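Since this is a predicted model, take the numbers as computed values, not measurements. Sequential numbering from 1 along the given sequence is applied to the chain's residues. Reckoned from all heavy atoms, side chains included, excluding hydrogens, waters and symmetry mates.
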Amino acid sequence: NRIALQTATKGMPCFVVLTKREIDFLIDKKDNLLAKYYLYLKHFCGLGAVGKQDFTIKQFLKYCGYSDKSNSYVSLVSSHNTLLVENGFIRIENYSDEQGHTSNCYHLL
C-alpha cells in the first residue's frame, strides 16, 4: 500500500515519512479521516523551522475537502486530537493571541 500527500506548496517537499509505529497505529485504527489528519499534522508541522504549527480544525477540514460547518466532523477531529495526544504522537499547547482568542499549537513528538 502507498499513502501520498499532495500539496501545491512550491519549493517544499510533497511527502512525509512515517515510522513503523505510526503506520501500525493508523492501520490498526482503520480511520481514513484520522490518517489524513495525521498526515496533515506531519506535513505542516514539518514545514515549520521549529516543528510546530497552529491551525483550527475547521482549516484542516476545509483544506482536505470536508465540510467545515459539520459539527460531527469537528467533534471527530477533536477526538482524534485526544487519541494522538494519549498515544504520544503529538502535544497540543493552548495559547491566546493578541486579540485574546484562544488557539492550539500542535507539536510532533
Side-chain angles (χ1 to χ4, degrees):
N1 292 335
R2 186 173 78 160
I3 300 173
L5 176 67
Q6 298 179 5
T7 180
T9 307
K10 291 185 178 182
M12 300 301 293
C14 298
F15 62 91
V16 296
V17 176
L18 297 176
T19 65
K20 180 172 178 3
R21 179 177 173 259
E22 291 167 327
I23 292 168
D24 291 344
F25 174 80
L26 294 173
I27 289 172
D28 181 58
K29 295 304 175 194
K30 297 179 183 158
D31 185 327
N32 192 40
L33 183 62
L34 173 62
K36 286 181 182 180
Y37 184 57
Y38 191 65
L39 289 171
Y40 178 92
L41 284 167
K42 287 277 288 195
H43 178 72
F44 283 102
C45 288
L47 290 179
V50 291
K52 65 182 180 179
Q53 193 65 256
D54 69 338
F55 58 87
T56 67
I57 290 173
K58 290 184 177 194
Q59 286 172 319
F60 158 73
L61 291 170
K62 190 173 182 179
Y63 181 86
C64 290
Y66 292 92
S67 171
D68 61 346
K69 296 177 182 21
S70 169
N71 287 334
S72 62
Y73 278 132
V74 171
S75 294
L76 191 56
V77 174
S78 180
S79 69
H80 290 339
N81 276 337
T82 301
L83 185 64
L84 292 169
V85 168
E86 288 174 350
N87 284 276
F89 291 105
I90 63 170
R91 178 172 49 92
I92 302 173
E93 285 181 5
N94 295 319
Y95 72 94
S96 295
D97 63 16
E98 298 82 30
Q99 290 83 28
H101 299 105
T102 301
S103 191
N104 291 333
C105 187
Y106 300 86
H107 301 261
L108 294 175
L109 299 179

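- Applying the 6.0 Å contact sphere to OH of Tyr73 captures no more than 12 heavy atoms from other residues, nucleotides or ligands.
- Criterion: ILVMFWY side-chain heavy atoms under 4.5 Å apart, direct or through other members. Under it, Leu109 and Leu26 are not part of a common hydrophobic cluster.
- The side-chain heavy atoms of Asn104 and Ile57, taken from C-beta on, include no pair separated by under 4.5 Å.
- Remark: the backbone N or O of Leu76 is paired with a side-chain donor or acceptor of Ser79 at under 3.5 angstrom.
- Remark: side-chain polar atoms of Gln59 are paired, donor with acceptor, to backbone N or O of Thr56 under 3.5 angstrom.
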Problem - Derivation of the salt bridge (Lys or Arg N to Asp or Glu O under 4.0 Å) call for Lys20 and Glu22 - result: CA-CA 5 Å; Lys20 180 172 178 3; Glu22 291 167 327; over 6 Å; no
Problem - Audit row: His80, Leu33, side-chain contact (heavy atoms from CB on, under 4.5 Å) steps and yes/no - result: CA-CA 9 Å; His80 290 339; Leu33 183 62; 4.2 Å; yes
Problem - Worked verdict on Arg21 versus Phe89 for side-chain contact (heavy atoms from CB on, under 4.5 Å) - result: CA-CA 10 Å; Arg21 179 177 173 259; Phe89 291 105; 3.1 Å; yes
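- For Tyr63 and Phe44, the gap between ring centers is short of 6.0 Å.
- Minimum heavy-atom separation, Lys36 to Tyr66: NZ-OH, 3.2 Å.
- Put simply, the side chain of Ser78 never gets that close to the backbone of Val74: no donor and acceptor are under 3.5 Å apart.
- Among residues two or more places apart in sequence or in another chain, the side-chain hydrogen bond (donor to acceptor under 3.5 Å, both in side chains) test is passed with Thr82 by none.
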Practice task
Test Lys42 against Leu108 for side-chain contact (heavy atoms from CB on, under 4.5 Å), laying out the working first.
Solution key: CA-CA 7 Å; Lys42 287 277 288 195; Leu108 294 175; 4.0 Å; yes
Exercise for the section: Output, in order, the C-alpha distance, side-chain angles, deciding distance and verdict of side chain to side chain donor-acceptor pair (under 3.5 Å) for Tyr37 and Asn81. Expected result: CA-CA 9 Å; Tyr37 184 57; Asn81 276 337; 2.6 Å; yes
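- In terms of modelled atom types and a separation under 3.5 Å, the side chain of Asn87 and the main chain of Leu83 share a donor-acceptor contact.
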Exercise for the section: Give the C-alpha distance, both sets of side-chain angles, the deciding distance and a yes or no for side-chain contact (heavy atoms from CB on, under 4.5 Å) between Leu34 and Leu84. Expected result: CA-CA 9 Å; Leu34 173 62; Leu84 292 169; 4.2 Å; yes
